[in-house]
Amino acid sequence: MKRYSKNTLPRVLFAGPDLRSRGGIASVMGLYKKALGEISYLPTTHFRNKAFSVVAFAMALIKLPFYRLKGYDTLHAHGSVRGSWPRKSLLLDWARFLGMRTVHHIHNGALQKHFAAIGPDKVARSLRKRDAVVALTQGWADYLRREFGLTNVVVIENPVEFTEATRKENSSGVLRLLFLSTIDHTKGLDELLAAIARHKDELHGRVHLDVGGDGSGYRDALDFIARHGIENIVSTHGWMSGEPKARLIESNDVFVLPSYAEGQPMSLLEAMAAGLAAIVTPVGGMAEVIDDGVNGIFVTPKDSESIFEAIKFFIAHPDAIPEMGKKNRVIAAKFLPERVAEKVIALHKSLQEKKK
C-alpha cells in the first residue's frame with residue numbers, strides 16, 4: 001500500500017467516532033491513517049458508552065478552537081444520521097464560526113428516511129453551508145444534488161484493503177454463506193434466517209451460514225435460531241475484526257446482505273476483495289458494484305423467498321462462485337486505500353485553491 005508523507009494534509013482535522021468503536025466509519029478511518037500517513041483526528045464519541053460519548057463530544061467542542069490556533073483551517077467530519085447528524089452539524093457550524101472550511105462526509109444508506117424525519121429544509125440549509133459534502137456513491141451524490149439543490153457534492157468511496165487472503169477452495173459439497181454486518185432489523189438477517197428456517201429440511205447438509213456481527217437485533221437473531229432449530233445450519237460469531245474476521249471471510253463462498261437500505265458497506269467490499277460471490281439487495285452502493293447474474297445475485301428487500309431462490313442458484317451452480325469471485329476482486333481493486341486517499345487529497349487541494 002502506498003503511504004504518503006507525514007505532512008500530506010497538515011491543515012486538515014478529521015473528526016468522527018472513536019477509532020476503537022465497532023462500525024464502518026472507524027474501519028474507514030483506520031484505512032485512511034494507513035494510506036495517508038499520520039492524520040490529525042478528533043473523536044466525537046467514546047467506544048465505551050453514551051455517557052462517555054457525551055463527554056467526548058464536549059471535549060471536541062472545547063478542543064476545536066485550539067486546533068484552529070495551531071493552524072488547522074479545515075474540519076472534515078465523518079458521520080451518519082440519528083444522533084450523529086446533530087453532533088456533526090453542531091461541530092461543523094462551530095468550525096465554520098471559527099473560520100475553518102467544513103466538509104460533511106456522510107456514511108449512511110437510509111438518507112431519504114432520516115432526512116425526511118429531520119426535515120428537508122433543515123437538511124438543505126445545513127449542507128449548503130459546507131464547503132463540500134461527501135457522498136459514498138454516485139447514486140447518493142445524485143440524490144443530494146437533485147433533492148436539495150446542492151452544488152458542493154463530491155464522491156469518495158469507502159476504501160478496502162487488499163490482502164493475499166482469498167476464498168479457500170470448497171470441496172465439501174456444502175455451500176458456505178456469510179452474513180457480516182452490524183445487526184439490526186434493516187439488514188435483512190431476519191429474512192435470511194426465515195428463508196433457512198422455512199426450508200431447513202431441504203438445506204440441511206447442503207448449506208451453512210456464518211453470522212458475524214452484533215447490534216440491537218443480535219439477541220432476537222439468537223432466539224430465532226434456537227426457536228426454529230437451525231443451530232446445525234447457522235453459526236453465530238458475534239462481532240468480528242482483524243485476523244479472525246479475515247479468516248472467516250476467506251472460509252466462505254457467498255456473502256449475503258439483504259439490507260433494506262445501504263451506503264457502501266465495508267463488509268461487502270471486503271468479501272469482494274477476498275473473491276466471494278454475493279447475494280444482496282439492489283440498494284445504495286451495492287447496486288453500483290454488483291451486476292445481477294454477473295458477479296452476484298440481487299434479491300428483493302424484505303422477501304425471504306427471493307433469498308432462498310438465490311441460495312438455490314448457488315447450490316445448483318457452484319462453478320458460478322469462483323467466476324463471480326474473480327470479477328469481484330477486479331472491482332474491489334478500484335477501492336484500494338491509496339486510490340481513495342488520492343481523492344481525499346484532491347478534494348482538500350481543491351478547497352485550498354478556491355480560497356486563494
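Counting from 1, the numbers follow the sequence of the chain as shown.
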Does Glu157 pair with Lys343 as a salt bridge, N-O distance under 4.0 Å? yes

Parallel, tilted or perpendicular, as decided by the 30° and 60° cut-offs, for the rings of Tyr143 and Trp140: perpendicular

Is it true that Asp131 and Lys354 make a salt bridge, defined as a side-chain N closer than 4.0 Å to a carboxylate O? no

Taken to the nearest 0.5 Å, the spacing of Leu248 CG from Glu250 CD works out to 9.5 Å

Would you check if the side chain of Arg128 reaches a backbone N or O of Phe148 as a donor-acceptor pair within less than 3.5 Å? yes

NZ/NE/NH1/NH2 to OD/OE distance under 4.0 Å, Asp93 and Lys88: no

Candidates Leu175, Asp253, Ile321 - the one meeting side chain to side chain contact (heavy atoms under 4.5 Å, CB included) with Asn170: Asp253

Quick check on the hydrophobic clustering: are Ile118 and Val133 connected, directly or via other members, by side-chain heavy-atom contacts under 4.5 Å? yes

Does Leu61 offer a backbone N or O that forms a donor-acceptor pair with the side chain of Trp94 under 3.5 Å? yes

Candidate pair Leu203 and Ile230, rule side-chain contact (heavy atoms from CB on, under 4.5 Å), full reasoning: CA-CA 10 Å; Leu203 297 178; Ile230 54 175; over 6 Å; no

For a quick test of reading the model, state the closest non-hydrogen atom pair linking Thr8 to Leu36 and the distance between them. OG1-O, 3.6 Å

Kindly give the heavy-atom pair with the smallest separation between Ala26 and Ser21, and that separation in Å. CB-O, 3.5 Å

How about Arg198: does its CZ atom have over 12 heavy atoms from other parts shown lying under 6.0 Å from it? yes

Would you give the length of the straight line joining atom CG of Leu9 to atom CZ of Phe14, rounded to the nearest 0.5 angstrom? 5.5 Å

Just by distance, no angles: are the side chains of Ser40 and Tyr67 close enough, under 3.5 Å, to form a donor-acceptor pair? no

Quick one: CE on Met286 to CG on Leu269, what's the gap to the nearest 0.5 Å? 10.5 Å

Quiz item: cation-pi between Lys63 and Phe66, 6.0 Å / 45°: no

CG of Leu257 to OG1 of Thr281: how many Å apart, nearest 0.5 Å? 6.5 Å

Do you reckon Leu347 sits in the same ILVMFWY cluster as Leu150, going by side-chain contacts under 4.5 Å, direct or chained? no

Any donor-acceptor pair under 3.5 Å linking the side chain of Arg339 with the backbone of Ala333? yes

Could you please spell out the steps behind the side-chain contact (heavy atoms from CB on, under 4.5 Å) verdict for His185 and Asp190? CA-CA 7 Å; His185 297 291; Asp190 295 348; 2.7 Å; yes

Can you tell me if Lys34 uses its side chain to pair, donor with acceptor, with the backbone of Glu161 under 3.5 Å? no

Checking side-chain contact (heavy atoms from CB on, under 4.5 Å) for the pair Ile39/Val12: CA distance, chi angles, key distance, verdict? CA-CA 8 Å; Ile39 62 173; Val12 179; over 6 Å; no

Straight-line distance of Arg130 CZ to Leu92 CG, nearest 0.5 Å: 4.5 Å

If the threshold is 4.0 Å, N to carboxylate O, is there a salt bridge linking Lys312 and Glu309? yes

What are the two closest heavy atoms between Ser304 and Ala195, and how far apart are they? O-CB, 3.4 Å

Which atoms form the tightest heavy-atom contact between Val283 and Ser259, and what is the distance? CG2-O, 3.9 Å

Heavy atoms only: give me the nearest Pro43-Asp18 pair and the separation to one decimal. CB-CA, 4.2 Å

For the side chain of Asn158 and the backbone of Gln264, is there at least one donor-acceptor N/O pair under 3.5 Å apart? yes

Enter the distance from Asp292:CG to Ile297:CD1 here, rounded to the nearest 0.5 Å. 5.5 Å

Any donor and acceptor pair, going by atom type alone, linking the side chain of Ser80 with main-chain N or O of His107 inside 3.5 Å? yes

Pair Asp184 + Lys187, salt bridge at N-O below 4.0 Å: no

Decide if atom CZ of Arg82 counts as having more than 12 heavy atoms of other residues, nucleotides or ligands within a radius under 6.0 Å. no

Would Thr166 and Arg329 satisfy side chain to side chain donor-acceptor pair (under 3.5 Å), going step by step from the backbone distance to the final call? CA-CA 9 Å; Thr166 57; Arg329 279 180 63 80; 5.4 Å; no

Residue pair Phe57, Leu91: steps toward the side-chain contact (heavy atoms from CB on, under 4.5 Å) verdict: CA-CA 9 Å; Phe57 182 64; Leu91 188 68; 4.2 Å; yes

Between Arg96 (side chain) and Met100 (backbone), is there a donor-acceptor pair under 3.5 Å? no

Assess the pair Tyr41 and Tyr32: is the distance between their ring centroids shorter than 6.0 Å? no

Closer than 3.5 angstrom, by distance alone: can the side chain of Glu288 be matched with the main-chain N or O of Thr137 as a donor-acceptor pair? no

With no hydrogens and no angle check, is any side-chain donor or acceptor of Ser267 less than 3.5 Å from a backbone partner on Leu180? yes

Do side-chain atoms of His46 reach the backbone of Arg48 as a donor and acceptor pair under 3.5 angstrom? yes

